[in-house]
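This report concerns only the one structure given below.
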Amino acid sequence: MKKVLVTRRIPEEGIELLRSAAEVTVSELDRDLSGQEIVEMGQGCTVLLTMLSNRIDGELLDAVPTVRMVANYAVGYDNIDLEAARRRSVVVTNTPGVLTETTAELTLALILDAARRVSEGDRLARSGGFTGIHPLFMLGMGLDGKTLGIYGLGRIGRAVARRARAFGMHIIYHNRHANSEADAELDARWVSFDELLSTSDVISINAPLTRHTRGAFDLAAFGRMRPGAVVVNTGRGPIIVEDDLADALERGFIAAAGLDVYQDEPAINPRLLALDNVVLCPHLGSATRECRAAMAVMVAQNVTAFLAGEEPPNRLV
Ligand code: GLV
Ligand code: GLV
C-alpha cells in the first residue's frame, strides 16, 4: 500500500477514508511539524497531507523524492509553491467550497462585532465598566443602509454579500475582473480599488494571497477610507500591512477592524493587541465541527482518487 503522511490530526472521518486506501501515518505531535520533520517523517511517502501552516517548496519536495502529491487541508494554498510542484510533476489539491458558508459566517461575526463593539463591550462589562446605559454610551455604527465593499468576490465573498444583504447593506466589490453573474445575483457593482476604499462603510477582505493582493491595504489605502469605516479580514494576513493598520486605527483614519488572519501567524502585532477598536480572532474562519469534518472527507477523497489513478476532484496543478 502507498504511504500517506498527515502532518497534523484531522477529523476521524477523513482518516478512516484514507486508511481504506493507504498506509497512513498521522503525526502524534500536538503542534505544526517543521519542514525538517516533514522530510524525516515523509520518507517513502507518496502523499503529504499538509496544513496551511506547512511551507511546501521545491527544496522540501526534493528532499522527499517519493512524494507525488501534496493534499492541502485548506482552501488557500499560498503555503505551497505551485510552480515548484508543477516542475516536479507533483499534484496539488485543496478543499474549496466546503468552507465557504462557514467562513462567511465568521466574517459577519467580525463585521457585527467590530461595528457594534461586542468584544470591547464584553471586556468593559467584565472589568466593572458598565455603570448604566446612557445616550452616548459605546455608540457603534449601524449596518442597515450602509455600503459593504468586498475585496475579492469569490465564493466566500459572495456568501458574505448574500448575508450582508439580509442586514440591509448595499454591495460593491473589487476584483481584477467584474463578475456579471454576481452583479445580478447580489445587486452588486464592480468598482475600482480606489472607489472601494473611498465609498465603503465596511470593507471585507475575502481575497487569496497573491502578488497582486499582498500589502494592498497599506497606510495610503487606509487614508482614502471613510473615517467611520470598519475593515474586516478573513482572507490572508499579509494582504494588510499590519503596522499601517495600527497607525490608521490610532490616528482615526478608520473606526475599527476585525481580523481572523495575521501577517506573521500565529504572532499578533503587539500594537494591535493594545488597541480596543480591533477584534482579534485566532484564525477560526473554517473552525466548525461540520466544516472541518467536510474538509477532512474532501482532502481524503482527493488522496484516494489520486491513489486509484483517477483525477483528484480539487486538483490545482
Ligand atoms: C483557511 O484559511 C483555509 O485556507 O482553509
Ligand atoms: C474561496 O473558496 C473563495 O473563492 O472565496
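Each ligand, and each atom within it, is numbered from 1 in the order the structure gives. FYI, the numbering just counts along the sequence from 1.
Those atoms of ligand 1 that come under 4.0 Å of a heavy atom in His283, given as number and element, are 1 (C), 2 (O). When each atom of ligand 1 is checked for a heavy atom of Leu99 under 4.0 Å away, the hits are 5 (O). Against a heavy-atom cut-off of under 4.0 Å, Leu52 is close to the following atoms of ligand 1: 1 (C), 2 (O), 3 (C), 4 (O). Interface of Arg236 with ligand 1, defined as ligand atoms under 4.0 Å from a residue heavy atom, comprises 1 (C), 2 (O), 3 (C), 4 (O).
Taking all atoms of both residues into account, the shortest heavy-atom contact from Tyr262 to Ala267 is CB-O, 3.7 Å. In terms of heavy-atom proximity, Leu110 sits nearest to Asn233 at CD1-O, 4.5 Å.
The aromatic rings of Tyr151 and Phe193 lie tilted to each other, with the angle between the two planes from 30° to 60°.
Applying the ring-ring contact (aromatic ring centres under 6.0 Å, His included) test to pairs two or more places apart or on separate chains, those with a residue in residues 90-132 are Phe130-Phe137.
With values rounded to the nearest 0.5 angstrom, Tyr73 atom OH is found 12.0 Å from Thr50 atom OG1.
Closest protein heavy atom to atom 5 (O) of ligand 1: Val75 N, 2.9 Å.
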